[in-house]
Amino acid sequence: MIDYIRGELTELTPTLAVVETVGVGYAMSISLNTFSAIQGKKDVKLYVQESLVTGGRDDSYTLYGFSTKQERELYRMLVTVSGVGANTARMILSASSPAELCNIIANGDERMLKNVKGIGLKTAQRIIVDLRDKIVSSGIAGELHVSDQPVSMVNNSVKDEAVQALTMLGFSPAPSAKVVVAILKEQPDLPVEQVIKLALKQIK
């Protein structure tokens, strides 16, 4: 089992990071929070969760990378909830910071969870019921700070990068582009991860 990978960050998008160590490049699916945390860095350390899906036409093996142990622990908790798969858990962690997610679950905020694609009322309620006590007992909420906001440099390819990330998360390109353009018209200086977070709450 891989606990973490430390090495040179050779490729980075809002949904994927490639870290090279000892001549091997490890591709890891990441959340927007991790993207924000490692953007602009040359050497990184990502905590790993391995995901093996069997039973379909082809088995799939995916590595998920997290900038903190706390975010990985939240991911592990989320995928234990019935109806929450690996990609849905990543989208939940992309829509809110770990600290915000802890508050959402602790406060029983079903509405915020329902804003995430693939999360209906029953699943939102199940997340809250299943994880509220676990989050409190694990002490993870006390290790997080709501004031830790992502910092990112704005660039001219924000729109394309945001649409590409949303497409990789399972949304259709055309509706994604429409929402992203509308967001950027109102707030042209937003960094890409904030654009994606807003889009996740608006795309139907």
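Remember, predicted model here, so these are calculated numbers, not experimental data. Scope of the values below: all heavy atoms of this structure, side chains included, with no hydrogens, waters or symmetry mates.
Using a 3.5 Å distance cut-off with no hydrogens or angles, the side chains of E193 and S36 do pair a donor with an acceptor.
With values rounded to the nearest 0.5 angstrom, T167 atom OG1 is found 10.5 Å from D160 atom CG. Atom-to-atom distance recorded for R6:CZ and T21:OG1 is 9.0 Å, nearest 0.5 angstrom. Within the model, atoms OG of S94 and CG of L166 stand 9.5 Å from one another, a figure rounded to the nearest 0.5 Å. How far CG of L121 is from CZ of R126: 10.0 Å, rounded to the nearest 0.5 Å. M28 contributes atom CE, which lies 4.0 Å from atom CD1 of I5 (distance to the nearest 0.5 angstrom). How far OG of S176 is from NZ of K159: 10.5 Å, rounded to the nearest 0.5 Å.
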* **Worked check of side chain to side chain contact (heavy atoms under 4.5 Å, CB included) between T80 and K134** => CA-CA 11 Å; T80 66; K134 290 182 180 179; 3.9 Å; yes
* L169 and T15: CA distance, side-chain angles, deciding distance, side chain to side chain contact (heavy atoms under 4.5 Å, CB included) verdict -> CA-CA 8 Å; L169 287 171; T15 57; 4.2 Å; yes
* To do: Let me see the working for Y26 and L46 under side chain to side chain contact (heavy atoms under 4.5 Å, CB included), right down to the final yes or no.
  => CA-CA 11 Å; Y26 294 90; L46 293 181; over 6 Å; no
* To do: Please lay out, stage by stage, how N107 and I128 fare under the test side chain to side chain contact (heavy atoms under 4.5 Å, CB included).
  => CA-CA 9 Å; N107 295 328; I128 291 167; over 6 Å; no
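Each of L16 and V195 belongs to its own hydrophobic cluster when Ile, Leu, Val, Met, Phe, Trp and Tyr are linked at side-chain heavy-atom distances under 4.5 angstrom. Under the 4.5 Å side-chain heavy-atom criterion for Ile, Leu, Val, Met, Phe, Trp and Tyr, V129 and V84 are members of distinct hydrophobic clusters. M168 and Y61 fall into different hydrophobic clusters, where Ile, Leu, Val, Met, Phe, Trp and Tyr are joined by side-chain heavy atoms under 4.5 Å apart, directly or via other members. Criterion: ILVMFWY side-chain heavy atoms under 4.5 Å apart, direct or through other members. Under it, M77 and V48 are part of a common hydrophobic cluster. Side-chain heavy atoms closer than 4.5 Å link hydrophobic residues (I, L, V, M, F, W, Y) into clusters, and following such links, possibly through other members, connects L12 to F66.
Around the NZ atom of K69, the shell of radius 6.0 Å holds no more than 12 heavy atoms that belong to other residues, nucleotides or ligands. Within 6.0 Å of CD in E186 there are 12 or fewer heavy atoms belonging to other residues, nucleotides or ligands.
Contact annotation: the side chain of V179 never approaches that of F171 to less than 4.5 Å [non-hydrogen atoms, C-beta and beyond]. The shortest side-chain heavy-atom distance between V180 and V158 does not fall under the 4.5 Å cut-off. In this structure, the side chains of T88 and L78 stay at 4.5 Å or more apart for every pair of heavy atoms. Using a 4.5 Å heavy-atom cutoff, the side chains of T68 and T34 are not in contact. Side-chain contact between L74 and I135 is present, with at least one heavy-atom pair separated by less than 4.5 Å. Using a 4.5 Å cut-off on side-chain heavy atoms (C-beta onward), S29 and L63 make no contact. Side-chain contact check for V19 versus T10: every heavy-atom pair is 4.5 Å or farther apart. With contacts defined as side-chain heavy-atom distances shorter than 4.5 Å, the pair L198/L190 qualifies.
A95 and K201 make their closest contact through O-CE, 4.0 Å (heavy atoms, listed as atom of the first residue, atom of the second, distance). Between A177 and V163 the shortest heavy-atom distance is CA-CG2, 3.6 Å. Contact between Y64 and T62 at its shortest, heavy atoms only, is CE1-CG2, 3.7 Å. Shortest non-hydrogen contact noted between A199 and I183 is N-CD1, 3.5 Å. Nearest heavy-atom pair across E161 and P14 is OE2-CD, 3.3 Å. Closest approach of N33 and S97 over heavy atoms only: OD1-CA, 3.4 Å.
The backbone N or O of P175 sits nowhere less than 3.5 Å from a side-chain atom of S172 that would complete a donor-acceptor pair. Panel note: side chain N115, backbone Q202; no donor-acceptor pair is recorded below 3.5 Å.
Applying the side chain to side chain donor-acceptor pair (under 3.5 Å) test to S31 and every residue at least two apart in sequence or in another chain returns E71. Partners of E73 according to the side chain to side chain donor-acceptor pair (under 3.5 Å) rule, which considers only residues two or more places apart in sequence or in another chain, do not exist here. Contacts of R72 classified as salt bridge (Lys or Arg N to Asp or Glu O under 4.0 Å), with partners at least two apart in sequence or in another chain: D3. The side-chain contact (heavy atoms from CB on, under 4.5 Å) test applied to A182 returns no partner, not counting sequence neighbours. For the side chain to side chain donor-acceptor pair (under 3.5 Å) test, residues two or more places apart in sequence or in another chain that qualify with N87 are R90.
Residue Y47 shares its hydrophobic cluster (ILVMFWY side chains chained together at separations under 4.5 Å) with Y4.
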